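See below for the structure under consideration.
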Amino acid sequence: KGESHSNKISKLLNDTTTHKPRVSYELHFKSSKSHFEKRKHKLTKMLGDVSSQPFLSIQHDWNLDLKQKTKGSFWVSMTNDQGKTVDGTIQVNFSNGSHRLSCDEEFQIAKYDESKNHRWIELSHSGISARFNSPVFQTNFHASQVNTIDISPGGELGVSGGDSGSLVLWNALNGSFLRQMKGHVGDILTTKFFPSGQVILSGGSDTLIKVWDMDGECAATMKGHSGGVLATCIVDRGRNIISCSRDGTAKLWEVGSQNVIQNLLKVESAVNCSSLFKHDPTGEVSRTIDSRECGTEDKLLVVGCENGKLIALDLRSQNQLFTCSVNGSAFNAISVGEDQKVFAGSEDGNLSFWDLRNPSEAVFVTKRSSSAVRSVSRGYSADTFWVGSADGSCYEWNTKDLSSKNELVGSDCEPIQSVYCRGNEVFSGSRDHHVRKYFVE
């Protein structure tokens, strides 16, 4: 406690200079025969500088002295768009049953939660402002890194998986432990609730995909990948699912028979992340649609790959609509917003925003730091996404003004491996073994 921000994570933020990204696209156009041509039109263009955005930081346990009603202090910092950091200290004094906060180095306290919980504080410096939110609860039932979390459609249940090989089902309202699900060998890398909220899907480094009931029993196991399963999507109500793997493939499965319906994609690198959403299909379908497919006729699959490519695939025709990349850095996380907008985070810290109706160029490419983006989740509003980073920061990113006004604290510089937003509730999973829940205005 009290260690300066610049000393704590300077190594993680050692390169926030501007970069000139090389962005390449492969656009696949329809021919007069109403199917996609084999020939590819390749376009390479230069975007403007990708500069780091300024942001504020705070000590992860800033509210400890307030809760204990003692005299103390905590550090704050401002990092500008050139990566230079200004450190400051906020002093906490307690007398006559109340706190008094004072700060230095041009930091200003707009307001803070004066209830006994002291869950948030709003700070500003040099025209930059942010609200820092502390967790409502923090779980302790994982013995190792938490890689993936999901919340049931009704919001009552949570499931998380980590490096221990076990899934944990928990109460998403109060964080209480419900049960453990054992069956994977090695890391669990992806988990999702089916739309019913009564069935859970998981995938892991053991190359297996499993389906679980609420009693913790494994109802089905799907085998077909030769590498770890990194991401999954559930198609409609769940008769079909999609899995993406370190072996470079994306597969469409029939859950009932546990068989592969189609190999959707094969690339020369790991397929790290995926997102599925509805879109309006165009053109005729030249392939024979398998009778086992259910709900694929109006879906678009977007995947991010280790080789730095973002690929969009029409499930109806199973044609690739486009391929694009930014600087060749691996895409680690993607999320789909409204109107076919895709938000993506990369290993080099880049945040890119794409309109799939006009993929000839990104809407923007920016970054907050050079720390790798580990997870993204669509925010409460159409213009915001939550970002979890390798430096332990977790923040709400506004795609209109390229700023972060809400920050989640609690992780002491430990990577945020997974983040999930449900309305004004946000959940995070970290390398420090914890799942945390936040209420955010």
Side-chain angles (χ1 to χ4, degrees), residues 23 25-43 153 192 194-195 231-244 250-255 261-265 267 271 273-305 309-325 331 333-344 352-364 376-385 399-400 421:
V23 182
Y25 308 90
E26 294 180 1
L27 304 181
H28 304 244
F29 296 103
K30 289 187 296 181
S31 70
S32 58
K33 296 180 180 180
S34 299
H35 65 274
F36 290 91
E37 294 180 87
K38 293 182 179 179
R39 62 185 178 85
K40 302 174 181 178
H41 176 68
K42 295 185 178 181
L43 169 66
K192 280 183 169 57
F194 279 76
T232 52
C233 296
I234 296 174
V235 183
D236 280 355
R237 298 182 65 180
R239 287 180 58 183
N240 293 164
I241 64 164
I242 296 169
S243 62
C244 300
K251 298 179 184 290
L252 178 68
W253 299 78
E254 183 186 38
V255 175
I261 299 174
Q262 296 283 345
N263 289 308
L264 300 174
L265 185 70
V267 296
V271 183
C273 50
S274 62
S275 191
L276 186 70
F277 63 101
K278 286 188 176 183
H279 83 124
D280 296 324
T282 58
E284 298 178 359
V285 178
S286 58
R287 73 180 182 94
T288 301
I289 297 178
D290 196 295
S291 60
R292 296 171 293 175
E293 293 184 38
C294 184
T296 59
E297 64 278 357
D298 59 348
K299 301 295 188 301
L300 187 69
L301 175 68
V302 183
V303 300
C305 303
K309 291 185 177 181
L310 193 71
I311 302 172
L313 183 78
D314 186 322
L315 288 191
R316 178 172 172 262
S317 64
Q318 295 189 6
N319 287 312
Q320 291 185 31
L321 301 187
F322 73 87
T323 302
C324 57
S325 64
F331 283 104
I334 54 177
S335 182
V336 174
E338 293 183 349
D339 300 326
Q340 298 193 28
K341 301 286 197 336
V342 173
F343 185 71
S352 53
F353 195 49
W354 308 82
D355 187 340
L356 301 186
R357 297 166 300 182
N358 181 27
S360 58
E361 63 179 0
V363 177
F364 68 76
V376 298
S377 176
R378 181 178 173 179
Y380 179 72
S381 70
D383 301 320
T384 61
F385 292 84
T399 59
K400 282 192 172 180
C421 175

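Just so it is clear, the structure is predicted and the values come from calculations on it, not from any experiment.
A 6.0 Å sphere centred on CZ of Arg239 holds no more than 12 heavy atoms belonging to other residues, nucleotides or ligands. Enclosure of atom OH in Tyr380 is not indicated, since only 12 or fewer non-hydrogen atoms of other residues, nucleotides or ligands lie within 6.0 angstrom.
Between Gly304 and Phe331, the shortest heavy-atom contact is CA-CB, 3.7 Å. Nearest heavy-atom pair across Gly295 and Val235 is O-CG1, 3.6 Å. Closest approach of Cys244 and Ala250 over heavy atoms only: SG-CB, 4.0 Å. The two residues Leu313 and Leu300 make their nearest non-hydrogen contact at O-CD1, 3.4 Å. Across Phe194 and Gly238, no two heavy atoms sit closer than the pair CE2-O, 3.5 Å. Smallest separation of non-hydrogen atoms from Ser243 and Trp253: OG-NE1, 2.7 Å.
The structure places CD1 of Ile311 at 12.0 Å from OG of Ser274, a figure rounded to the nearest 0.5 Å. Expressed to the nearest 0.5 Å, how far CZ of Phe364 lies from OG of Ser352 amounts to 7.5 Å. Atom SG in Cys305 sits 8.0 Å away from atom CG in Leu310 (nearest 0.5 Å). Note that NZ of Lys251 is 15.0 Å distant from OG1 of Thr232, once rounded to the nearest 0.5 Å. In this structure, the separation between CD on Glu293 and NZ on Lys299 is 11.5 Å, given to the nearest 0.5 Å. From Ile241, atom CD1 reaches atom CD1 of Ile261 across 9.5 Å, with rounding to the nearest 0.5 Å.
Contacts of Lys400 classified as salt bridge (charged side-chain N to carboxylate O under 4.0 Å, His left out), with partners at least two apart in sequence or in another chain: Asp383. Every residue was checked against the salt bridge (charged side-chain N to carboxylate O under 4.0 Å, His left out) condition with Lys192, not counting sequence neighbours, and none meets it.
Side-chain atoms of Asn240 come within 3.5 Å of backbone N or O of Cys294 as a donor-acceptor pair. Under a 3.5 Å cut-off, the side chain of Arg287 and the backbone N or O of Arg316 do form a donor-acceptor pair. Here the side chain of Ser275 pairs no donor or acceptor atom with the backbone of Ile334 at under 3.5 angstrom.
The one candidate from Asp314, Leu356, Asp298 that meets the side-chain contact (heavy atoms from CB on, under 4.5 Å) condition with His279 is Asp314.
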Worksheet entry | Stepwise side-chain contact (heavy atoms from CB on, under 4.5 Å) test for Gln320 and Leu265 | CA-CA 9 Å; Gln320 291 185 31; Leu265 185 70; 3.3 Å; yes
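Side-chain contact between Cys233 and Leu301 is present, with at least one heavy-atom pair separated by less than 4.5 Å. A 4.5 Å side-chain heavy-atom check between Leu315 and Leu276 finds at least one atom pair inside the cut-off.
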